[in-house]
Amino acid sequence: DARVTQTPRHKVTEMGQEVTMRCQPILGHNTVFWYRQTMMQGLELLAYFRNRAPLDDSGMPKDRFSAEMPDATLATLKIQPSEPRDSAVYFCASALEAGGFYEQYFGPGTRLTVT
Amino acid sequence: KNQVEQSPQSLIILEGKNCTLQCNYTVSPFSNLRWYKQDTGRGPVSLTIMTFSENTKSNGRYTATLDADTKQSSLHITASQLSDSASYICVVSPRGGATNKLIFGTGTLLAVQP
């Protein structure tokens with residue numbers, strides 16, 4: 001059954017290190033989202049792409065975060081350098097946008113801990 | 001101020017009992033309101049989606065209601081099961097602009113005990 005996959009599922013790193021998270025959207029979906037979830041803030045949109053083009057990354061700290069879609073089957077979220085306040089669960093979601101509103105399907109998340 | 005507020009923050013009920021979770025929002029105008037279920041260690045999964053013109057939507061033992069005049073929604077769970085233990089998140093999508101930008105509440109954590 002089709003689902004969004006994310007790797008790694010868990011990542012522990014030291015402050016200052018680079019972190020790369022990967023997402024494989026559901027085949028055929030044309031829109032990909034990156035979210036961050038913390039206990040205090042809940043789920044926040046970081047960035048999203050449609051047909052691999054970035055449409056909005058206003059939720060991302062630009063100086064350290066970057067998001068890309070090298071191809072239709074891979075989305076990446078990179079943090080460089082990482083900081084303890086980046087510790088959170090990062091979710092990728094994908095959707096097929098065909099007019100109107102549409103369902104977003106979430107991956108299992110990457111739990112990031114920065115020490 | 002969070003545009004989507006949920007209550008209670010957490011809730012404990014006994015298996016077989018009913019419960020109702022509340023969501024108040026200030027997002028206006030809005031396109032649709034969704035309820036998601038998030039199991040521990042998993043991503044959110046959609047339960048219901050209601051447009052601004054709908055009053056109620058059911059999905060098995062889950063029934064969501066919407067009052068667009070008072071900007072309130074509720075999720076009613078009937079005959080709770082242990083597997084209903086999860087976080088329930090209310091999500092509002094603004095109308096106009098980027099309709100795929102979702103605004104999330106912080107969730108209600110439900111624990112169903114045997």
Side-chain angles (χ1 to χ4, degrees), chain A residues 1-10 21 23-26 29-51 53-60 88-111, chain B residues 1-10 21 23-27 29-54 57 59 64 66 86-109:
Chain A
D1 90 284
R3 60 182 68 186
V4 177
T5 58
Q6 291 186 246
T7 56
R9 291 296 312 277
H10 303 272
M21 291 168 271
C23 166
Q24 182 172 10
I26 293 173
H29 280 190
N30 60 359
T31 308
V32 174
F33 305 82
W34 281 106
Y35 292 94
R36 175 170 62 186
Q37 186 176 41
T38 62
M39 290 292 292
M40 295 301 296
Q41 299 293 330
L43 274 156
E44 302 172 287
L45 178 67
L46 295 175
Y48 76 93
F49 296 78
R50 184 171 304 134
N51 297 321
L55 289 191
D56 188 345
D57 61 1
S58 58
M60 265 186 351
V89 181
Y90 291 82
F91 288 100
C92 172
S94 74
L96 176 61
E97 189 198 12
F101 64 86
Y102 45 85
E103 191 53 73
Q104 294 188 21
Y105 296 86
F106 285 78
T110 294
R111 180 174 294 277
Chain B
K1 186 184 187 308
N2 198 339
Q3 299 180 71
V4 182
E5 301 276 358
Q6 292 187 244
S7 62
Q9 278 192 316
S10 62
L21 314 180
C23 174
N24 294 333
Y25 60 91
T26 58
V27 180
F30 79 99
S31 169
N32 58 84
L33 185 145
R34 312 169 187 219
W35 283 92
Y36 281 83
K37 178 187 180 188
Q38 185 175 19
D39 292 314
T40 301
R42 296 272 188 90
V45 174
S46 178
L47 293 175
T48 62
I49 302 177
M50 290 182 290
T51 66
F52 60 89
S53 60
E54 293 181 288
K57 183 71 70 79
N59 177 0
L66 174 63
S87 180
Y88 292 84
I89 306 172
C90 175
V91 186
V92 178
S93 177
R95 179 150 41 106
T99 58
N100 48 9
K101 293 191 76 168
L102 304 180
I103 301 173
F104 293 80
T106 52
T108 291
L109 185 60

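Order of the sequence lines fixes the chain letters, A, B, ..., with proteins taken first and strands second; residue numbering starts at 1 for each chain.
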Query raised in the report: By a 4.5 Å heavy-atom criterion (distance strictly below it), what part of A/Arg111 contacts chain B: side chain, backbone, both, or neither?
Result: neither
Requested in this report: State whether the side chain of A/Arg36 and the backbone N or O of A/Val89 hold a donor-acceptor pair below 3.5 Å, judged by distance alone.
Outcome: no
Report summary line: Whatever's closer than 4.5 Å to a heavy atom in chain B on A/Met39 counts as neither
Query - A/Tyr90, A/Phe91, A/Phe106 screened by ring pair (Phe, Tyr, Trp, His ring centres under 6.0 Å) with A/Tyr35, the one that passes - result: A/Phe106
Query raised in the report: Taking the six-membered ring for Trp, are the ring centroids of A/Tyr48 and A/Phe33 within less than 6.0 Å of each other?
Result: yes
Query raised in the report: With distance as the sole criterion, is a donor-acceptor pair present between the side chains of B/Gln38 and A/Gln37 under 3.5 Å?
Result: yes
Requested in this report: Measure A/Thr38 against the heavy atoms of chain B and call it side chain, backbone, both or neither at under 4.5 Å.
Outcome: neither
